[in-house]
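Numbers restart at 1 for each chain; the letters A, B, ... are given by sequence-line order, proteins then strands.
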There are 2 protein chains.
Amino acid sequence: MAEATTDKRQGHTRGRTGNDRRTQIIKVATELFREKGYYATSLDDIADRIGFTKPAIYYYFKSKEDVLFAIVNSIVDEALERFHAIAAGPGSPGERIHALLVEHTRTILRNLDANTVFYNERGLLSPEREREMRKREREYTEIMQRLYAEGVATGELLDVDPTVATATLLGAAIWTYRWYDPEGRLSADEVVEQITRLLLNGYRRPA
Amino acid sequence: MAEATTDKRQGHTRGRTGNDRRTQIIKVATELFREKGYYATSLDDIADRIGFTKPAIYYYFKSKEDVLFAIVNSIVDEALERFHAIAAGPGSPGERIHALLVEHTRTILRNLDANTVFYNERGLLSPEREREMRKREREYTEIMQRLYAEGVATGELLDVDPTVATATLLGAAIWTYRWYDPEGRLSADEVVEQITRLLLNGYRRPA
DNA sequence: CCTACCGATCGGTAGG
DNA sequence: CCTACCGATCGGTAGG
């Protein structure tokens, strides 16, 4: 897939706009950061796989960290949007939490590379950026916590602490990035259905 | 806590056996690997915090990776032992899975530093060691999968794929290392109780 | 367990 | 977007 681009020996790549290039750098960096981690991936690695040299990257990004930030930032953006939309949507609190878990898990499984980088490497951003990321993440976990608390109040949801509940439910969904194998036996849709059913009903089969 | 040891300026530390030193290096490395990550922690950082110099570490470990391996290995050892003991113990499959989740979560919360290093940094070991780790981890997830399948067969447990079920339940428990704050509002015991109750019953309150 | 040091890697820049 | 290069960091070793 990385080889789809023009080989170095053919000379300069033609027909790519600057935006394409930027996107391409992000895509390749995402693959490599996922495979080897942020520190173990050099800018030479990224440039090599694309077919140019390291300084070219500096034409599109100010620093290596900026590349990581671009990846991490887009993940948070999408998640935030998703949470807002669903939380404001129709349905009881429990139904909206279900929808949230379905969509969140589905998105992770559909975009495993970037989500893996997000969950594994976001801690390596500069302190200021990490603070900003945490803040935006807290934004959407709070959306879910309010929703959960509402459901507890109406008696629809199990009475546990909303912080614990939402961290646990989201954690179970997020953890897929560590074990799900797209080449494996189970389709993403099956996995999403089973996880969300398990979380909704519990592993003890109702009598 | 790292300052409990003798300061450099007081000269050589007295009254520590080699085993103490080794343990001390592991302890300090665990703290630093957790705070800053494996790559961002230099051997000088570790030595500094203890109060000696880098080459001293090589008296106790062959390489930096060996320090990480010592941490990661002990976590897997304990988990494996725990899973074996509980799986072979008394109770229905569902009861044993409950016990497993309780104990696993409790252990993580009681030893957050080392478990954080385990889950965040184990991927940075050499390919051979990573393979070995994966193999031993698979060993205990398979124990849980067999238990789950048994419970599905007897009708005690919700009928979802045992791989999905165990990954999800364990993931929910493990995820605590990312959000639990020992200085926070909730005690570890409360969190363990609420998480395991949530997973057992599901977030939808039974009518 | 220390001082002194080497070799390699790598992010980033100059200058074009 | 390239060639050439700098400066800093760091794991690891020599020799004691």
Side-chain angles (χ1 to χ4, degrees), chain A residues 2 5-29 32-33 35-71 121 124-126 129, chain B residues 2 5-29 32-33 35-71 121 124-126 129:
Chain A
T5 18
T6 313
D7 190 293
K8 207 174 191 172
R9 283 158 305 201
Q10 301 178 3
H12 292 168
T13 309
R14 288 160 307 235
R16 280 199 174 265
T17 70
N19 209 9
D20 272 350
R21 273 290 184 219
R22 216 188 120 89
T23 306
Q24 192 184 195
I25 292 169
I26 290 178
K27 177 166 167 274
V28 169
L32 285 166
F33 289 167
E35 289 168 31
K36 325 203 307 178
Y38 177 73
Y39 281 120
T41 302
S42 70
L43 292 174
D44 281 320
D45 290 336
I46 297 172
D48 279 357
R49 189 176 282 199
I50 296 178
F52 52 30
T53 61
K54 181 173 63 175
I57 296 174
Y58 284 91
Y59 184 80
Y60 299 99
F61 293 93
K62 286 208 321 285
S63 68
K64 186 183 179 188
E65 198 204 309
D66 279 26
V67 180
L68 176 59
F69 182 70
I71 300 166
E121 322 288 346
L124 304 178
L125 291 170
S126 69
R129 279 178 163 167
Chain B
T5 20
T6 313
D7 190 294
K8 207 175 190 172
R9 282 158 307 201
Q10 300 177 4
H12 292 168
T13 311
R14 287 159 308 232
R16 281 203 173 260
T17 70
N19 209 10
D20 271 350
R21 275 288 184 220
R22 216 188 120 90
T23 306
Q24 191 184 196
I25 292 168
I26 290 177
K27 176 165 168 276
V28 169
L32 285 167
F33 289 168
E35 290 168 30
K36 324 204 304 177
Y38 177 72
Y39 281 119
T41 302
S42 70
L43 292 174
D44 281 320
D45 289 337
I46 297 172
D48 278 357
R49 189 176 283 199
I50 296 177
F52 52 31
T53 60
K54 180 173 61 173
I57 295 174
Y58 284 91
Y59 184 80
Y60 299 99
F61 294 92
K62 287 209 319 288
S63 68
K64 186 184 179 186
E65 198 205 309
D66 279 26
V67 180
L68 176 60
F69 183 70
I71 299 167
E121 321 289 345
L124 304 178
L125 290 170
S126 69
R129 278 178 163 166

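- Residues Lys64(B) and Ile46(B) fail the side-chain proximity criterion, which asks for heavy atoms closer than 4.5 Å.
- To the nearest angstrom, C1' of dC1(C) lies 16 Å from CD1 of Ile46(B).
- Rounded to whole Å, atom P of dC1(D) lies 7 Å from atom CD1 of Ile25(A).
- Nucleotide dA14(C) forms a Watson-Crick or G-U wobble pair with dT3(D), both donor-acceptor distances falling under 3.5 Å.
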> Given Asp20(B) and Lys27(B), is the salt bridge (charged side-chain N to carboxylate O under 4.0 Å, His left out) satisfied, shown in steps?
Replying inline: CA-CA 10 Å; Asp20(B) 271 350; Lys27(B) 176 165 168 276; over 6 Å; no
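- Summary of the strand contacts: Pro55(A) and Ala40(A) both lie near DNA chain C, and taking for each the nucleotide with the nearest heavy atom, the more 5' one is attributed to Ala40(A).
- Cation-pi geometry between Arg21(A) and Tyr60(A) is not satisfied (NZ or CZ under 6.0 Å from the ring centre, within 45° of the ring normal).
- Rounded to whole angstrom, the span from the CD1 atom of Ile50(A) across to the P atom of dC1(D) amounts to 9 Å.
- Residue Thr53(B) has a polar side-chain atom (N or O) positioned under 4.0 Å from OP1 or OP2 of dC2(C).
- Side-chain nitrogen and oxygen atoms of Tyr58(B) include at least one within less than 4.0 Å of the OP1 or OP2 phosphate oxygen of dG12(D).
- Protein atom CZ of Phe52(A) is 8 Å distant from nucleotide atom C1' of dC1(D), rounded to whole Å.
- The nucleotide whose nearest atom lies closest to any side-chain atom of Ser42(A) is, among dC2(C), dC10(C), dG12(D), dC10(C).
- With values rounded to the nearest 0.5 angstrom, Asp45(B) atom CG is found 11.5 Å from Ile50(B) atom CD1.
- Regarding Tyr39(A), its OH atom lies at a distance of 12 Å from the P atom of dG11(D), rounded to whole Å.
- Regarding Asp20(B), its CG atom lies at a distance of 10 Å from the P atom of dC1(C), rounded to whole Å.
- Nucleotide dT13(D) holds its P atom 15 Å from the NZ atom of Lys64(B), rounded to whole Å.
- A close approach under 4.0 Å does occur between a side-chain nitrogen or oxygen of Tyr60(B) and OP1 or OP2 of dC1(C).
- Distance OH (Tyr59(B)) to C1' (dA14(D)): 17 Å, rounded to an integer number of Å.
- Across all their heavy atoms, Ala29(A) and Val67(A) have their closest contact at CB-CG1, 3.6 Å.
- Contact of Lys54(A) with dG11(C) (side chain to base): a donor-acceptor pair of N or O atoms is detected under 3.5 Å.
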